[in-house]
Amino acid sequence: MNILILGSGGREHAFAWKIKQSTSCERLYVAPGNAGTAQIAENVSILLDDFTAIAQLCIEKKIDLVVVGPEAPLVNGIIDFFQQQPALQAVQIIGTSQAGAQLEGSKDFAKRFMQEQAIPTAQYATFTVAQYDAAIAYVEKHPLPIVLKADGLAAGKGVIICDTHTEAKEILKEMLLEEKFGVASQKVVIEQFLSGIELSVFILTDGKHYKILPSAKDYKRIGEGDTGLNTGGMGAISPVSFADAAFMQKVEAKIVQPTLKGLQAAQINYKGFLFIGLMKVGDEPYVIEYNVRMGDPETQVVLPRIQTDLVTLLQATAQQTLDKTPLTVEEQTATTVVLVSGGYPEAYEKGKVIEGLAQVKESIVFHAGTAYHNEKLVTNGGRVLAITSLGKSMDEALQASRKVAEQIQFEGKYYRKDIGADLQEV
Ligand code: AMP
Ligand code: GLY
């Protein structure tokens, strides 16, 4: 089969790495890709919002299977677009329709969906600009802390947790009246604060059946001890020690099954990955958010633990035969440590030469923001590389990742040395 992966991050390099191992994979393309995907696939320079160019590429390269990495093309309706093109009917594409992508694209939609399906989540209310006065009155009576969420996509920055009513009212004003996050904050979800420990659960569904993939925990803040600004993710581990069998049974019964039932009831075409961000409060799971894609950097620990041929799983997803496809998972622990550019997640420089990759033997180096410049590997983004290692214990895997993180050099390199540290005590 000829396969096309859309995206350019560490997640997409991990997809390419895993798909490349399949005996069913003939030609592999990544659009636009990065320096890591260029080593194992052919990169194609295409903008992900240019569906016509993506369609042409599929026809030209005789693509059989498309994997959509990030959420934006799904939220913009790439699945619906493919379905409407007569020339693309034979192309299998993994992802949800635009209707399903609202689970990530609109927090208000996701909250209403959960309420309708009685899925455990924080209590909330949604307000538009026209309801500004009511929103202020709601905030004034709300217990602290108060969680404010821009309804639409806001590049991971649209959630603000406020410790005082004054702060909450100020942020609410900025969001609703001053369009702090543009159109994304024309509607705001005001939510109860949940106190607990977070984890990410991943589902692959063909619309009728599903597989629960290995769960993972990611580390979102830039600083050690989970301090400082939010990032795309500084590291991840899988499995998650506190997500034991009893807890995962609750997740399946109270969250996964009602979610998929709700999608079916709404006749939403969903053949793809669903990422459920959960908070474990006491022993109970609550949904913090849905994403209609895999996580980054969680994919870099989830895929290395999947032993089943990924192309087989993806084909079964497209053909709605996931019930007949067994999933086998590696028992070892996987960890990934992300190396970022100095300054990230604020302003940072690009084009720094990266050295030391050739010496890496036992870990897998997934590229994110990398490029080739004058035949040299250079930094090309905030998150640069993700170092994934497998080990019999989390400690063993982490030691391996940290050793490589130390060996690889580029000016301004930064990484968190405490990935997984919180789990030592749980
Ligand atoms: P989101 O963009 O929805 O993933 O939110 C970003 C982060 O904000 C989450 O990963 C949580 O750490 C935090 N968060 C979101 N909603 C809540 C909530 N209701 N209670 C506590 N923390 C939350
Ligand atoms: N690592 C979190 C995300 O992919 O959204």
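Since we're looking at a predicted model, the values are computed, not measured. Indexing begins at 1, ligand by ligand and atom by atom, following the structure's order.
- Within a 6.0 Å sphere centred on CD of Q319, other residues, nucleotides and ligands contribute more than 12 heavy atoms.
- Both cation-pi conditions hold for K280 and F247: the charged atom is under 6.0 angstrom from the six-membered ring centre and inside a 45 degree cone around its axis.
- Screening D418, T336, D422 for a side chain to side chain donor-acceptor pair (under 3.5 Å) with Y219, the sole residue that qualifies is D422.
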Salt bridge (charged side-chain N to carboxylate O under 4.0 Å, His left out) between R305 and E330, intermediate numbers included: CA-CA 5 Å; R305 293 192 59 227; E330 165 72 61; over 6 Å; no

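- Each of the following atoms of ligand 2 lies closer than 4.0 Å to a heavy atom of G232: 1 (N), 2 (C).
- Applying the 4.0 Å criterion to heavy atoms of G295 picks out, from ligand 2, the atoms 4 (O).
- For atom 2 (C) of ligand 2, the closest heavy atom belonging to the protein is D218 OD2, 3.4 Å.
- For Q267, the CD atom sits in a loose shell: 12 or fewer heavy atoms of surrounding residues, nucleotides or ligands are nearer than 6.0 Å.
- Of all atoms in ligand 1, listed by their number and element, those nearer than 4.0 Å to a heavy atom of K149 are 3 (O), 15 (C), 16 (N).
- Looking at atom 13 (C) of ligand 1, its nearest protein heavy atom turns out to be I161 CD1, 3.9 Å.
- On a distance-only criterion, M294 and ligand 2 share no N/O pair closer than 3.5 Å.
- Looking only at heavy atoms of the protein, atom 5 (O) of ligand 2 is closest to R293 NH2, 2.9 Å.
- Among the candidates T370, I354, I387, the single residue satisfying the side chain to side chain contact (heavy atoms under 4.5 Å, CB included) test with V365 is I387.
- Here's the thing with M279: none of its N/O atoms is less than 3.5 angstrom from an N/O atom of ligand 1.
- For atom 3 (O) of ligand 1, the nearest non-hydrogen atom of the protein is K107 NZ, 3.2 Å.
- Under a 4.0 Å criterion applied to the non-hydrogen atoms of K220, ligand 1 contributes the atoms 10 (O).
- Near F275, meaning under 4.0 Å from any of its heavy atoms, are these atoms of ligand 2: 3 (C), 4 (O), 5 (O).
- Counting protein heavy atoms only, atom 17 (C) of ligand 1 is closest to I288 CD1, 3.6 Å.
- Nearest non-hydrogen protein atom to atom 21 (C) of ligand 1 is L194 O, 3.2 Å.
- Ligand 2 has no N or O atom lying under 3.5 Å from any N or O atom of R11, backbone or side chain.
- At least one N or O atom of E289 sits closer than 3.5 Å to an N or O atom of ligand 1.
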Verdict with supporting geometry, K111 and T121, side chain to side chain donor-acceptor pair (under 3.5 Å): CA-CA 8 Å; K111 295 298 287 191; T121 187; 2.9 Å; yes

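- When only non-hydrogen protein atoms are considered, atom 12 (O) of ligand 1 lies nearest to E198 OE2, 2.4 Å.
- Remark: K417 is positioned above the aromatic ring of Y415, its terminal NZ or CZ atom under 6.0 angstrom from the ring centre and at most 45 degrees off the axis.
- Annotation: atom 19 (N) of ligand 1 to nearest protein heavy atom, E191 OE2, 2.7 Å.
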CA sep, side-chain torsions, deciding dist, call: Y210, F202, ring pair (Phe, Tyr, Trp, His ring centres under 6.0 Å): CA-CA 10 Å; Y210 64 90; F202 302 96; over 10 Å; no

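- Listed by number with element, the atoms of ligand 2 under 4.0 angstrom from any heavy atom of E298 are 1 (N), 2 (C), 4 (O).
- Under a cut-off of 6.0 angstrom, the local environment of CD in Q320 is crowded, with over 12 non-hydrogen atoms contributed by other residues, nucleotides or ligands.
- Which of T121, V147, V159 comes nearest to atom 5 (O) of ligand 1 through a heavy atom is settled by distance: it is V159.
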E178 vs K173, salt bridge (charged side-chain N to carboxylate O under 4.0 Å, His left out): CA-CA, chis, key distance, verdict: CA-CA 7 Å; E178 293 157 20; K173 181 170 132 241; 3.8 Å; yes

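- Of the residues listed (M114, R112, K107), the one engaging Y124 in a side chain to side chain contact (heavy atoms under 4.5 Å, CB included) is R112, and it is the only one.
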